Amino acid sequence: MESEQSPALGDSTGILSYLSRLDLYKSEKPYRCSIDPWHVPNGKVSNIVTTACPVEINNIRDHEVHFTTDIHGFELWEHATSVPLEDFKQDEEVPAKYLSECEALLKGHFRAFRVHVFNHTYRNAEASRDLRSSLEEPRLLPPALLAHVDQTENGARMRAMHHLPTEVLPLLKSRFRIINIWRPLISPVQDHALAVCDYRSTDRADYVATDIVSPSYQGEQYTMYHNENHRWWYADSMREDEIVFLKCYDSLAENDPSIARNCPHSSFEWYKSRGVSKPRRSIEIRALVFS
């Protein structure tokens, strides 16, 4: 991983990883694969090269602005779960009660008539960063240290067609969004906090379509090039009774430039150490939302 220098490195400086601007990507699409390419001579699981960039990351709690998914691409929301934290076991499925809570929350918050939760990811700062380990523990991953958006526009439509093949055509006539619900499973979050980027500070040239290949699905997400105009935010000391809504796609935004298309996001590390803290644990639910 390469690095960039910044003239001003202060207490609000975090280190984010971006896709490196390589000539390679002019002829080869970035990709990440969780299938070991044992049958391909000199095969690689990824061609992604990253650059570590110091960026200013502002605390949402210090500002009176109410961030929303329509304008900024993300939203901090207070929402306690009735599921005990000890029931979130990273080697098992998500408790059905929690999935029902998330579906009800998304329906109410986004005035949706149909919500389909299609997958989830547990993240633990102590988990292995070996891509091959995801074959053995596909839902237990380390914090994502790369600025990205989970789906491209094409990837979002592929998701809808894959998960709701018999319903998708009439559903796509409505407003279609992919929304993630990110929740910490420890409190407070100090280690590898979640950073979110104000969509309005991005440029279309910052987004690089990237293939994501797993044993069960091939999708497409955006990885991000660095842009000094990016405005990054985080919520200091997030608690288990708080969530972040992350927008990954919005069909309305394709025809209305006032609507945020998505929210680039990543975990990050502080440039200046803030002392010893508990390793971050979190769960992220991803859903198709029709309204």
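These figures come from a predicted structure and were not determined experimentally.
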Using the rule given for salt bridge (charged side-chain N to carboxylate O under 4.0 Å, His left out), can you reason through Lys107 versus Glu103, listing the C-alpha separation, both sets of side-chain angles and the distance that settles it, and then say yes or no? CA-CA 6 Å; Lys107 281 186 175 179; Glu103 181 177 331; 3.5 Å; yes
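- For Arg231, the CZ atom sits in a loose shell: 12 or fewer heavy atoms of surrounding residues, nucleotides or ligands are nearer than 6.0 Å.
- For Pro54 against Ile15, the heavy-atom pair with the smallest separation is CA-CD1, 3.9 Å.
- Ring-centre distance between His230 and Tyr18: below the 6.0 Å cut-off.
- Aromatic ring orientation, Tyr199 versus Tyr207: tilted (interplanar angle from 30° to 60°).
- Under the 30°/60° scheme for interplanar angles, the aromatic rings of His72 and Phe74 are found to be tilted.
- With 3.5 Å as the limit, one finds no donor-acceptor pair spanning the side chains of Arg261 and Tyr222.
- Between Thr51 and Ser20, the side chains place a donor N or O and an acceptor N or O closer than 3.5 Å (distance only, hydrogens not considered).
- Checked against a 6.0 Å centroid threshold, the rings of Trp77 and His109 count as neighbours.
- Within a 6.0 Å sphere centred on CG of Asp23, heavy atoms belonging to other residues, nucleotides or ligands number 12 at most.
- Taking 4.0 Å as the cut-off between side-chain N and carboxylate O, Glu242 and Arg61 count as a salt-bridged pair.
- By the 6.0 Å contact criterion, CD on Glu28 is enclosed, its count of non-hydrogen atoms from other residues, nucleotides or ligands being greater than 12.
- For Arg239 and Glu78, the salt-bridge test passes: some basic side-chain N is under 4.0 Å from an acidic carboxylate O.
- Between His265 and Trp182, the gap from one ring centroid to the other reaches at least 6.0 Å.
- Of the charged side-chain nitrogens involved, at least one lies within less than 4.0 Å of a carboxylate oxygen, so that Asp211 and Lys29 count as a salt-bridged pair.
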